[in-house]
Amino acid sequence: MTTSASTSAPLIEKHTIGYVPPEDRHGKVRDLFTLWFGGNIAPLPIVTGALGVQLFHLNLVWGIVAILVGHLVGGVLMALHSAQGPQMGIPQMIQSRAQFGSLGALLVVLIAGVMYIGFFASNIVLAGKSLHGVVDSVPVPVGIVIGALGSGIIGIIGYRFIHVLNRIGTWVLGIGIVIGFGYILTHIQTDDFLTRGSFNLSGWLATVSLAALWQIAFAPYVSDYSRYLPANVPVAATFWTTYLGSALGSSLSFVFGAVAVLATPVGMDTMDAVKLATGAIGPLMLVLFLLSVISHNALNLYGAVLSLITLVQTFAYRWIPTAKSRAVISIIVLLACCFAAVGASADFIGHFVDMVLVLLVVLVPWTAINLIDFYAIHKGQYDIGSIFQVDGGIYGRYNPQALLAYAIGIAVQIPFMNTPLYVGPVSAHINGADLSWLVGLLVTSPLYFWLATRDSAYRRRLTSEKLAGSL
């Protein structure tokens with residue numbers, strides 16, 4: 001489904017966090033499949049997927065089952081956020097003002113920005129290592145800078161270019177990973193490929209959680225990449241193309257990581273195992289993963305920049321950010337991340353994964369509140385003008401009901417947490433499995449619905465929205 005704007009849309013994106021008017025809408029809903037499929041065939045999900053057999057000691061069969069369950073469950077939440085994009089026409093984080101208020105949304109916006117800056121920094125480290133693996137003469141720090149520059153150019157050009165690259169990447173990377181699977185499975189270098197590890201409940205639950213959280217981590221910016229689609233794109237079409245692309249692409253990468261480490265001797269670094277397991281086609285696989293990391297990492301830079309612009313615009317409400325503003329902030333983030341990544345420790349990726357697990361504890365209740373508010377309470381109808389007002393318009397500066405549900409949603413997760421900062425008693429009792437995200441969703445969703453639908457201010461907002469309509 002396209003509009004006439006699809007043929008005339010500029011390559012360099014002119015919008016930032018503002019509403020995308022109908023005349024600027026363009027693209028096809030199937031682009032969401034290629035974006036999320038191609039974007040998830042990358043080293044970071046491969047490394048994460050390997051943890052099921054490396055760290056949690058599952059065997060191949062139970063590892064694959066856990067990976068599939070996690071992605072299929074978490075992908076539902078991620079795709080429900082994506083389906084908001086065409087209906088709202090604004091980025092996900094600024095839309096949170098309708099749930100939390102103009103100032104109440106700041107904490108979540110800040111957390112999302114920090115997380116995606118972390119994603120960007122960790123991915124440029126992987127890019128540097130991949131480039132060094134392809135060309136030994138290129139030092140890792142130089143590779144980091146090259147990877148960051150490549151992602152920076154893509155991120156600055158913006159939305160349309162990101163979609164174009166991932167349409168190409170879906171075919172190239174999809175064929176590449178299938179060939180990689182074929183090579184590994186016909187050149188297994190270990191005798192315990194199918195017998196290494198075993199089923200253990202805590203490890204299985206932990207792997208399910210990792211996969212589900214991988215999907216939920218996209219929630220704060222997934223609709224940023226569907227917001228340019230025409231408003232009449234069916235919600236179901238947006239949901240299914242996003243869901244199938246993300247669940248399939250990430251599952252393939254997670255399983256690829258598990259297969260590679262089981263096909264090579266115990267104790268190898270995951271990407272070293274991939275290089276060894278793929279043998280003669282190893283250099284080609286590394287080149288493909290390098291290109292993937294650079295392309296996909298542009299999404300992290302883009303999402304981080306939109307979050308930062310949202311933070312600033314909350315206070316500088318008269319400021320109308322332009323493509324130039326987005327480019328300047330992108331360069332600042334890029335330089336800061338390069339500096340941090342080059343000077344980072346050898347275990348930078350491990351520290352980053354730890355950070356993400358902590359941040360997701362506070363993002364999960366936001367996901368629940370956002371989805372309940374959009375689908376069950378407002379049913380996709382919002383006053384866009386109020387979202388951009390300094391006082392929050394009909395949504396106010398703070399929404400006490402959302403903030404209360406959010407705080408309780410964080411608190412109930414604490415006993416079930418397993419992060420570097422804290423291990424809850426329930427998690428410790430089940431050998432370290434982290435079920436906090438599931439508990440957070442199950443408690444926050446009905447609680448927010450109950451609080452919001454019994455609030456007189458909520459009823460007044462609905463009346464105001466019906467009168468004002470949405471843009």
**Study point:** Nearest non-hydrogen partners of F239 and V76, listed with the distance
**Key:** CE1-O, 3.6 Å
Review point. Please walk me through it: do L334 and L149 pass side-chain contact (heavy atoms from CB on, under 4.5 Å)?
Key: CA-CA 8 Å; L334 187 151; L149 289 175; 4.3 Å; yes
Practice item. Indicate yes or no: at least one non-hydrogen side-chain atom of L51 is less than 4.5 angstrom from one of Q54. Key: yes
Review point. Would a distance-only check, ignoring hydrogens and angles, find a side-chain to backbone donor-acceptor pair under 3.5 Å from R227 to I90?
Key: no
Review point. Which pair of heavy atoms, one from I117 and one from C337, lies closest together, and at what distance?
Key: CG2-SG, 3.6 Å
Review point. Can you find a side-chain donor-acceptor pair between W214 and N40 that sits under 3.5 Å?
Key: yes
**Study point:** From CG (L252) to NE2 (H71), nearest 0.5 Å
**Key:** 9.5 Å
Check your understanding: Given side chains that start at C-beta, do those of I156 and I331 come closer than 4.5 Å, heavy atoms only?
Key -> yes
Review point. What's the spacing between L371 CG and L441 CG if we round to 0.5 Å?
Key: 8.5 Å
Check your understanding: Would you find a donor on one side and an acceptor on the other, under 3.5 Å apart, between the side chain of N297 and the backbone of F120?
Key -> yes
Check your understanding: Would T310 and R97 count as having a side-chain donor-acceptor pair, cut-off 3.5 Å?
Key -> no
Point to revise | Side-chain touch I46/F254, heavy atoms, less than 4.5 angstrom | key: no
Review point. Is Q215 reaching over with its side chain to a backbone N or O of A211, donor-acceptor style, under 3.5 angstrom?
Key: no
Show the atom names and distances, to 0.1 Å, of all donor-acceptor pairs under 3.5 Å that link a side chain in residues 99-114 to residues at least two apart or in another chain.
| from | atom 1 | to | atom 2 | distance (Å) |
| --- | --- | --- | --- | --- |
| Q99 | OE1 | N370 | ND2 | 3.0 |
| Q99 | NE2 | D373 | OD2 | 3.4 |
| S102 | OG | V390 | O | 3.1 |

Check your understanding: Mind checking whether L363 and I216 have side chains closer than 4.5 Å, heavy atoms only?
Key -> no
**Study point:** Contact summary for V305 and S330, nearest pair of heavy atoms
**Key:** CG2-OG, 3.4 Å
Point to revise | Pair M417-V423, side-chain contact (heavy atoms from CB on, under 4.5 Å): steps then yes or no | key: CA-CA 6 Å; M417 288 171 54; V423 178; over 6 Å; no
Review point. Is there a side-chain contact between M115 and S307 (heavy atoms, below 4.5 Å)?
Key: no
Practice item. Kindly write out the residues that satisfy side-chain hydrogen bond (donor to acceptor under 3.5 Å, both in side chains) with S427, not counting sequence neighbours, or none if the list is empty. Key: none
Check your understanding: Run the side-chain contact (heavy atoms from CB on, under 4.5 Å) check on L442 and V439 step by step: do they pass?
Key -> CA-CA 5 Å; L442 293 177; V439 174; 5.9 Å; no
Check your understanding: Is the side chain of S251 donor-acceptor paired with the backbone N or O of L248 at a distance under 3.5 Å, no angle test?
Key -> no
Check your understanding: Can you tell me if N123 uses its side chain to pair, donor with acceptor, with the backbone of I294 under 3.5 Å?
Key -> no
Exercise for review: Quickly, which of W36, Y243, Y221, W366 forms a ring-ring contact (aromatic ring centres under 6.0 Å, His included) with H81? Name it, please.
Suggested key: W366
Check your understanding: Say you draw a straight line from CD1 of I329 to CG of L311; how long is it, rounded to the nearest 0.5 Å?
Key -> 10.0 Å
**Study point:** Any F56 side-chain heavy atom under 4.5 Å of L210 side chain
**Key:** yes
Practice item. Using a strict cut-off of less than 4.0 Å between a Lys/Arg side-chain nitrogen and an Asp/Glu carboxylate oxygen, indicate whether D391 and R397 qualify as a salt bridge. Key: no
Review point. Counting N and O atoms only, with roles assigned by atom type, does the side chain of Y225 sit under 3.5 Å from a partner on the main chain of L299, one being a donor and the other an acceptor?
Key: yes
Study note, to complete from the structure: Nearest heavy-atom approach of A50 to T270 is CB-OG1, 3.7 Å
Review point. Atom CG in L213, atom CG in L438: separation rounded to 0.5 Å?
Key: 10.0 Å
Practice item. Say whether, by atom type as modelled, one donor and one acceptor occur between the side chain of D224 and the main chain of Q92 under 3.5 angstrom. Key: yes
Review point. Taking all atoms of both residues into account, what is the closest heavy-atom pair of T444 and A405, and its distance?
Key: CG2-O, 3.9 Å
Point to revise | Option from P43, S122, S151 for which side-chain contact (heavy atoms from CB on, under 4.5 Å) with V293 holds | key: P43
Exercise for review: Taking the side chain as every heavy atom from C-beta outward, state whether F374 and M88 have any atom pair closer than 4.5 Å.
Suggested key: yes
Review point. Once you round to the nearest 0.5 Å, how far does NZ of K379 lie from OH of Y375?
Key: 13.0 Å
Exercise for review: Using distance alone, with no hydrogens and no angle criterion, decide if Q84 and S223 have a side-chain donor and acceptor under 3.5 Å apart.
Suggested key: no
Review point. Do you see a donor-acceptor pair shorter than 3.5 Å between the side chains of T242 and S82?
Key: yes
Exercise for review: For W204 and V65, run side-chain contact (heavy atoms from CB on, under 4.5 Å): C-alpha distance rounded to whole Å, both residues' side-chain angles, the deciding distance at 0.1 Å, then the answer.
Suggested key: CA-CA 9 Å; W204 190 83; V65 171; 3.9 Å; yes
Check your understanding: With distance as the sole test, does Y302 use its side chain to make a donor-acceptor pair with the main-chain N or O of I154 at under 3.5 Å?
Key -> no
Check your understanding: Which pair of non-hydrogen atoms, one from A66 and one from L58, has the smallest distance, and what is that distance?
Key -> CB-CD1, 4.4 Å
Review point. Taking side chain as C-beta onward, heavy atoms only, is P21 less than 4.5 Å from D24?
Key: yes
Exercise for review: Please list all pairs passing the salt bridge (Lys or Arg N to Asp or Glu O under 4.0 Å) test where one or both residues lie in residues 80-89, with sequence neighbours left out.
Suggested key: none
**Study point:** Under 3.5 Å donor-acceptor, Y395 side chain and D383 backbone
**Key:** yes
Review point. When rounded to the nearest 0.5 angstrom, what distance separates CG in L80 from OG1 in T238?
Key: 11.0 Å
Point to revise | S292 side chain vs L288 backbone, donor-acceptor pair below 3.5 Å | key: no
